[in-house]
Amino acid sequence: MSPATSSSHIWTYRAIFLVLCCIIIIGRLLPLGLGESGLPGPDLLLALTFAWMLRQPAVVPLLSIVIVFLLADFLLQRPPGLWTALAVLASESLRRRRLQMTEFPFLVEWGAIAGAVAGMVLAERVILWLLMADLPSLGLSLTQGIVTIAIYPVVVAVSKYLFGLRKLGPADLEPL
Amino acid sequence: MARDSYDDAYARPVRRLLVAVAVICLLALVMLWRIDNPRVERMRAAIVDRVVPNMEWAMAPVTGVARIFDDFQSYARLFEQNQELRRELQQMRAWREAALQLEQENARLLDLNRVQLDPELTFVTGLVLADSGSPFRRSVLINVGARDGILDGWATMDGLGVVGRVSGVGERTSRVLLLTDSNSRIPVTIQPSGQQALLMGDNSQAPILDFIDAREDVNPGDRIITSGDGGLFPPGLLVGQVIATTDGRLRARLAADLVRLRFLRVMRSHPGTSLGDSGDLIGPPWPLPDETGTEDSPAQDSVLPEEARLGNSSAAQP
């Protein structure tokens, strides 16, 4: 068993993931950007989840995703559950295609992430429109999606060099 | 990797089932939110109430540091700021003189009229805990709630002008929907022309003024105050000034400093007087109790105007 798949490693990184998510949510809640109405910030939570899940799927289990995103939905005044459901669906589909992506360069992974985020933004709009809930303006939600995609390589670099989260290939899965 | 390397034939379907159940539960939550909105929003308020005050120990230092950093940045422009402040001080001195005179005059006039100022308009002051955290919503969370007697719909002000209204009350916290939020609509009066209008937030710094009767009577720089229509807000609270944008719309520059919200006053408003019934006839109670009553009352009625007329004429004679 390689060190990256030992259970102590996995549990440590699960805890780190939850702590990071809490920090991101608190950061969003701080009453600092009250007056700003320019670019909406990136959805760091989503970028972090995808980046870590594609590196080492075991440290981002389904339960973590549900807890973190549901908490964010409730605290950030979004329709509760919708963004969480979309995040779960997107992360599951990425998780299934993960092994094919490990052999390709980073650009392919980035493309897949971009597709997933764009799909989530569109699906959210469609569902809210079907439910006749009030929609945020199209420009703002698209901008947020684009900014999230743009920040993704930074999140990947930080998780790789700061947190030492390397990509697990098929070879690492064999020993167990 | 334990999960991925289990026997695929067994683990895959179980996992897929788990995901499906989770997604269905979440979508059910969304439907519940859409169908029974007040209940879920109460749930949200309860969760916020539980979580956010506990975060305060983490948030306070970060907020403090960020504010210090903001202040530090302003040191860079110290000189020009100083000049600007001096100029403003000069103007303010003139204004202060004018205000003092007006205050004396106002006191004299109020004394002449024996006006009672509204004694019920008191306020509770709260501290801003958190903002909405979303680029699509403009709201803040304050640290007073149902415990302090806050009710939904009350107006909040900073020292100067209206900030928004309470929408969502938890036990220890309540949420204030700012005037700039795209869901905020409040009735206002534009002074001095007295035009009624609706102030509609649109997620920008300056909310739109719409539904104005006579646009030509409204000039940039006019004062906007709450009108108290609909009994939502106490009338006469300062909102801001009218500005005209390049596309010809009228907007409001808010008097409250929404960028630097720290303390908020929640105005305890009492329910406005409402007209419950249409007007009644003034006269004897109807239907009349019995026959004798009908004979008496017209006689009395006919006497009354007579007396009044006599009284008038007698008063007019000398």
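Throughout, a chain's letter reflects where its sequence line sits, starting with A, and its residues are numbered from 1.
- Residue contact with chain A, scored on non-hydrogen atoms closer than 4.5 Å, involves the side chain of B/Arg137 exclusively.
- Residue contact with chain A, scored on non-hydrogen atoms closer than 4.5 Å, involves the backbone and the side chain of B/Val48 alike.
- For B/Leu141, no part sits under 4.5 Å from any heavy atom of chain A, backbone or side chain.
- Note on B/Leu27, B/Ile24, B/Val30: by heavy-atom pairs under 4.5 Å with chain A, the leading option is B/Val30.
- Contact of B/Arg262 with chain A is not made at all, since no heavy-atom distance falls under 4.5 Å.
- Salt bridge absent: B/Arg16 and A/Glu92 never bring a charged side-chain N and a carboxylate O closer than 4.0 Å.
- Residues satisfying the salt bridge (Lys or Arg N to Asp or Glu O under 4.0 Å) criterion with B/Glu84, sequence neighbours excluded, are absent altogether.
- The salt bridge (Lys or Arg N to Asp or Glu O under 4.0 Å) check on B/Arg34 picks up nothing, with sequence neighbours excluded.
- For a residue to count as touching a neighbouring chain, one of its non-hydrogen atoms must lie under 4.5 Å from one of that chain's; by this rule B/Asn183 touches chain A with the side chain only.
- With respect to A/Glu124 and A/Arg78, no salt bridge is recorded, no charged nitrogen being found less than 4.0 Å from a carboxylate O.
- Note: B/Phe233 and B/Trp154 fail the aromatic proximity criterion, with ring centroids not under 6.0 Å apart.
- Proximity to chain B is absent for every atom of A/Ile23, based on heavy atoms less than 4.5 angstrom apart.
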